[in-house]
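Right, one structure below, let's go through it.
Quantities reported herein were computed from a predicted structural model and do not represent experimental measurements. Proteins come first, then strands; the chains are lettered A, B, ... in the order of their sequence lines, and each starts at number 1.
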Amino acid sequence: MNTYDTVMKLALERGFYFPSCEIYADAHAGFWEYGPTGNNLKNKFIELWRRELLRRDDMIEIDGSQIMSKSVFVASGHLDNFTDPIIKCKKCGATFRADRFITEKTGKEIPELLSGNEIDKIINEYKLRCTRCSGSFHESERFNMMFKVEIGPSKEEAYLRPETCQTIFVGFPRIFKTMRGRLPLAVAQLGKSFRNEIAPRQSLFRLREFYQAEIEVFCNPNRLNELPKFDQVKDTPLLLSIKNSSHSVNAEDAIRKGYLPNKLVAYYISLLSLFYSKTGINMERTRFRQLSDEEKAFYASTAFDFEVETSIGWIELVACNYRSDYDLKRHGEISKQNLHVIDPSDNTKVLPHLFELSMGIDRSIYSILDHSYYEDTEAERVVLKLVPQLAPVLVGVFPLVTKDGLREKAQNIYSELKLDYSAFYDESGSIGRRYRRLEEIGAPFALTVDNQTMKDDTVTIRYRDTMLQERVKVSEISVFLDANK
RNA sequence: GCGACGGUCGUCCAGUUUGGUCUAGGACAUCAGAUUGCCAAUCUGGUAACCCGGGUUCAAAUCCCGGCCGUCGCACCA
């Protein structure tokens, strides 16, 4: 079994994640649920995100609505660009991207937004047939990857957001005013997004409903190098992949050598890198890869993907896009609102540009599990080497035996700890089995109450990775945990 | 969405070829009890599955059809 399969198995067995609606035969692909263990891990990941990115950089966080009106997506471009024209063969049912198919067969360059009628006309004109079975085609259709919803009895058209950032953009004027914003201003949001993927696959990787954590940095495009706080991160080591060649440089040199365009971009990429290095992901198996023009999203002018190498290949965890003024300009035009703000540093009116960090939470969670999974063949055990901050359970509390008052002593210790730490109590079976179960969900510490505890009020504390134990006074447990969490 | 292959306890697997002996078996996990008392020990007992729907048949886990899910390939991937 490869690591993907073993992680999948562990996820199912230990309650990390599992298919949504799985007891029903009509459950659809692309929907997954976090079980108790995975939910703890995800919550701790998010808490680390808040600490290492939002609080560190004084960002502000909002929580926007998942259903948004049609106009939002007229403005954002998703209604047009998120739609693919497709043609289906009448005979064998094969489906093709209409525009690509025509270009390939006729050599004709097709404008991206050709109407269905025009596509059908060209198909007839050139007598195009299915490449697989030579069948003729149905009339062309459009497949939109957004989920449409109907609002109220009149069924007004609206959509589930395909990316969380749109709520940040449309909320920007009020957020900026009420929070007395100054550029650059970073607004963050954690929430769900929805994409009607044609072929969702590989559990947490290609989902139809998924978590994003997005950070939108509103900035003055004329001041991208005026950023004093850049000095705090200028020595951050970065692995950059530019046009297929790798560069290991610090943030300052990355700018000097032209790999990164400016201090603002370099600053946030550095913060992101520092954040991920604290999640337990092996940073030597990551890279920031600059996207080619063909790979970039329709709104991005410069784009880097933060990628991580897992057992199923290199995976994009974060899209770092310089979106320029694309979004605010479009929302300004369509809504007819003025989205300009004053930059008090030179008293000019400016339509902010945007640099975004668009993080996939579910993929990050998988990557952390993938990099943490460890089979200790010598001790015949499976260990998730999660960093203590992310462990679903921080500490297990076990009585060595249940008699002679050890059970009650252990239960007392557990009661003392459980409000402040993710603690877990277990007295069933042998002590070794309890240790094994605990390390499979990545708990870094186990406390065991034994006979000596009753004499000197100390317990053993066992380290997950080394299996070594030492004694610590019951009164010092919190001190230990605080120092190691 | 197309194609190939697959879907049996929580997990992995046996049974499907050749319909009946399957009231579906095993291992691990899990629960209860006993025992031991610091690393998945032992013993006893228990819980627990044929993906869903239809068809053929005296009889379907097994054959047929449809759907759903999974893996892989193609396509897609803001």
* **More than 12 heavy atoms of other groups within 6.0 Å of Glu416(A) CD** => no
* Between G3(B) and G20(B), how far is it from one C1' atom to the other, in whole Å? -> 37 Å
* To do: Compute both the distance and the angle, then confirm whether Lys42(A) meets the cation-pi test with Tyr211(A): under 6.0 Å from the six-membered ring centre, within 45 degrees of the axis.
  => yes
* Asked: According to the Watson-Crick and G-U wobble definitions, with both distances under 3.5 Å, which nucleotide is paired to U56(B)?
  -> none
* Measure from NZ or CZ of Arg434(A) to the centre of the six-membered ring of Phe398(A), then state whether that distance is under 6.0 Å and the direction lies within 45° of the axis. => yes
* With RNA chain B as reference, determine whether Gly30(A) or Lys403(A) sits nearer its 5' end, using the nearest nucleotide of each. => Lys403(A)
* Answer with base, sugar-phosphate or nothing: what part of the nucleic acid does Tyr4(A) contact at a heavy-atom distance below 4.0 Å? => sugar-phosphate
* Does a sphere of radius 6.0 Å around NZ in Lys192(A) hold more than 12 heavy atoms from other residues, nucleotides or ligands, not counting ones at 6.0 Å or beyond? -> yes
* Mind checking who A32(B) pairs with, Watson-Crick or G-U wobble, both distances under 3.5 Å? -> U44(B)
* To do: Check every strand shown and say whether Pro162(A) touches a base, only sugar-phosphate, or nothing at a heavy-atom separation below 4.0 Å.
  => base
* State whether the distance check finds a donor on one side and an acceptor on the other, under 3.5 Å, for side chain Asp26(A) versus base C68(B). => no
* Structure fact -> When both distances are under 3.5 Å in a Watson-Crick or G-U wobble arrangement, the nucleotide paired with C74(B) is G1(B)
* Asked: What is the distance from CZ of Arg434(A) to P of U30(B), rounded to the nearest Å?
  -> 12 Å
* To do: Please work out which residues in residues 202-218 of chain A have a non-hydrogen atom less than 4.0 Å from an atom of RNA chain B and list them by number.
  => Gln202(A), Arg206(A)
* To do: Starting at the 5' end of nucleotides 39-53 of chain B, put B wherever the base has a protein heavy atom under 4.0 Å, S where only the sugar-phosphate does, and a dash everywhere else.
  => BBS----------S-
* Would a distance-only check, ignoring hydrogens and angles, find a side-chain to backbone donor-acceptor pair under 3.5 Å from Asn484(A) to Phe480(A)? -> yes
* Name all residues meeting the salt bridge (Lys or Arg N to Asp or Glu O under 4.0 Å) criterion together with Arg208(A); count only those two or more places apart in sequence or in a different chain, and write none if there are none. => none
* Quantified in whole Å, what is the C1' atom distance between nucleotide A49(B) and nucleotide G26(B)? -> 14 Å
* If you measure from the P atom in G46(B) to the same atom in A24(B), how many Å do you get, rounded? -> 14 Å
* **For His353(A), the option from Phe218(A), Tyr326(A), Tyr322(A) that meets ring pair (Phe, Tyr, Trp, His ring centres under 6.0 Å)** => Tyr322(A)
* Structure fact -> Between Ala29(A) and Arg195(A), whichever has its closest RNA chain B nucleotide further toward 5' is Ala29(A)
* Set of residues satisfying ring-ring contact (aromatic ring centres under 6.0 Å, His included) with respect to Tyr259(A), sequence neighbours excluded -> His247(A)
* Asked: Given atom NZ of Lys9(A) and atom P of U71(B), what is their separation to the nearest angstrom?
  -> 17 Å
* **C1' gap between U8(B) and G25(B), integer Å** => 11 Å
* Asked: Under 4.0 Å between a side-chain N/O of His28(A) and OP1 or OP2 of C69(B), yes or no?
  -> yes
* To do: Output all residues satisfying ring-ring contact (aromatic ring centres under 6.0 Å, His included) with Phe45(A), sequence neighbours left out; order by chain, then residue number.
  => Phe275(A)
* Now, which nucleotide makes the Watson-Crick or G-U wobble pair with G6(B), with each of the two distances under 3.5 Å? -> C69(B)
* What about Phe304(A) and Phe288(A), are their ring centers closer than 6.0 Å? -> no
* Where along residues 306-332 of chain A does a heavy atom fall under 4.0 Å from RNA chain B? -> none
